[in-house]
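Comments concern the structure below.
Predicted model, so just to flag it, every value in this text is computed and none were measured. Heavy-atom basis, side chains included; hydrogens, waters and symmetry copies ignored.
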Amino acid sequence: MIRTIIFDIGNVLAGFDWQNFYKSFGYDEETTKRLGRATVGSEDWKEYDRGCVSDARMVELFVENDPEIEKELRHVLTDFKGLITRYDYAIPWVKRLKQKGYQVLVLSNFSKKALRECWDAMDFLPYTDGGILSYKDKLIKPMPEIYSLLMERYHLKAEECVFLDDTPVNVEGAQKAGMQGIVFENRQQAEEALRQLGVE
């Protein structure tokens, strides 16, 4: 029996559309791709989400990844507002699950800067029962330790948990930890997958 629903945040409970975020600064397709490769597509982004790199060092690392677009990188990295966008369904979905008696947690690779500057898109968080944001614990998915820490911190039984994430490797990490896992595509698909696990 499933008792705990664990959500990723980006592209599950809130939008993470870095392409349109970079394009909103007026950059063309090629520049947007280069910005993406230098930032979100790099290993440095993971370390930043893990809380192991300062904001200032983050900028320098991304510039090192593509020095030719240093000006553009510094421009888009000044303020993350708009990088994370609000999903209208997030709060009603969380509230409905909680009303049915489920514990609702989040487990997300997330930087302190993104949380601070995109808080308006994260208004579902107070409705959850907690969780882990990677920067606080210096761990990121799919490291086995992050799933273990979540279960330990909230006294969870893996077989009573289901984890939803849009990235298959992160779902595989949860499954290796003994949880049920759903690769999130959209809300309708996810709710159907949850129903198949007995979650109404």
| said: Could you report the tightest heavy-atom contact between Y102 and G198, atom names first, then the distance? | reply: OH-O, 3.5 Å

| Minimum heavy-atom separation for T32 to Q19, with atom names? | CG2-O, 3.7 Å

| request: Examine distances only and state if a side-chain atom of Q189 and a backbone atom of V183 form a donor-acceptor pair shorter than 3.5 Å. | output: yes

| Parallel, tilted or perpendicular: ring planes of F62 versus W45, cut at 30 and 60 degrees | parallel

| said: Would the distance check show the side chain of N186 and the main-chain N or O of Q188 forming a donor-acceptor pair, the cut-off being under 3.5 Å? | reply: yes

| task | Could you state whether F80 and L73 fall into the same hydrophobic cluster, counting links through intermediate Ile, Leu, Val, Met, Phe, Trp or Tyr residues with side-chain heavy atoms under 4.5 angstrom apart? | result | yes

| field | Residue pair E172, K176: steps toward the salt bridge (charged side-chain N to carboxylate O under 4.0 Å, His left out) verdict | value | CA-CA 6 Å; E172 290 168 13; K176 288 177 182 176; 5.3 Å; no

| task | Write down the atom of Q180, the atom of Q175, and the distance for their closest heavy-atom approach. | result | C-CG, 4.5 Å

| Ring centroid separation Y87 to W93 under 6.0 Å | no

| query | Should the pair E60-R74 be classified as a salt bridge under the 4.0 Å nitrogen-to-oxygen rule? | reply | yes

| query | So with a 6.0 Å cut-off around NZ of K157, is the heavy-atom count from everything else above 12? | reply | no

| request: Can you label the angle between the Y27 ring and the F25 ring as parallel, tilted or perpendicular, going by 30° and 60°? | output: parallel

| field | Least distance between heavy atoms, I146 atom then L139 atom | value | CD1-O, 3.4 Å

| Should the heavy atoms of other residues, nucleotides or ligands under 6.0 Å from CD of E152 be counted, would the total exceed 12? | no

| said: Would you compute the distance between atom CG of D28 and atom NZ of K33 and round it to the nearest 0.5 angstrom? | reply: 10.0 Å

| query | Would V162 end up clustered with V12 when hydrophobic side chains under 4.5 Å apart are linked, directly or stepwise? | reply | yes

| Residues R34, E68; criterion salt bridge (charged side-chain N to carboxylate O under 4.0 Å, His left out); working and verdict | CA-CA 10 Å; R34 289 178 69 177; E68 290 183 359; 2.9 Å; yes

| Would you say the side-chain atoms of S134 pair up with the backbone N or O of F110, donor to acceptor, closer than 3.5 Å? | yes

| task | Identify whether Y22 and I84 are in the same connected component of the hydrophobic contact network (ILVMFWY, side-chain heavy atoms under 4.5 Å). | result | yes

| said: Please give me the minimum heavy-atom distance between F21 and L83, naming the atom from each residue. | reply: CD1-N, 3.4 Å

| query | When the ring planes of F184 and Y89 are compared, do they come out parallel, tilted or perpendicular, using 30° and 60° as the limits? | reply | tilted

| So with a 6.0 Å cut-off around NZ of K112, is the heavy-atom count from everything else above 12? | no

| message | Is it the case that the side chain of D129 and the backbone of V104 share a donor-acceptor pair, with hydrogens and angles ignored and the cut-off at 3.5 Å? | response | yes

| task | Please report the closest heavy-atom contact between L105 and G131, naming both atoms and the distance. | result | CD2-N, 4.0 Å

| Hey, any chance F16 and L164 share a hydrophobic cluster, counting ILVMFWY side chains that come within less than 4.5 Å of each other, even indirectly? | yes

| said: Check whether N109 reaches the backbone of K141 with its side chain - one donor and one acceptor, N or O, closer than 3.5 Å. | reply: yes

| said: Quick check: is F124 connected to L150 through a chain of hydrophobic side chains (ILVMFWY, heavy atoms under 4.5 Å apart)? | reply: no

| Using a distance-only test with no angle check, is there a side-chain donor-acceptor pair under 3.5 angstrom linking N65 and D44? | yes

| message | With salt bridge (charged side-chain N to carboxylate O under 4.0 Å, His left out) as the criterion, how do K81 and D120 come out once you've worked through the C-alpha distance, each side chain's angles and the decisive distance to 0.1 Å? | response | CA-CA 9 Å; K81 185 173 178 59; D120 59 331; 3.1 Å; yes

| Got a second to check how far L35's CG is from D66's CG, nearest 0.5 Å? | 8.0 Å

| task | Output yes when a side-chain donor or acceptor of R50 lies under 3.5 Å from a complementary backbone atom of Y135, and no otherwise. | result | no

| request: Let me see the working for E30 and R37 under salt bridge (charged side-chain N to carboxylate O under 4.0 Å, His left out), right down to the final yes or no. | output: CA-CA 11 Å; E30 179 57 31; R37 285 194 294 268; 3.8 Å; yes

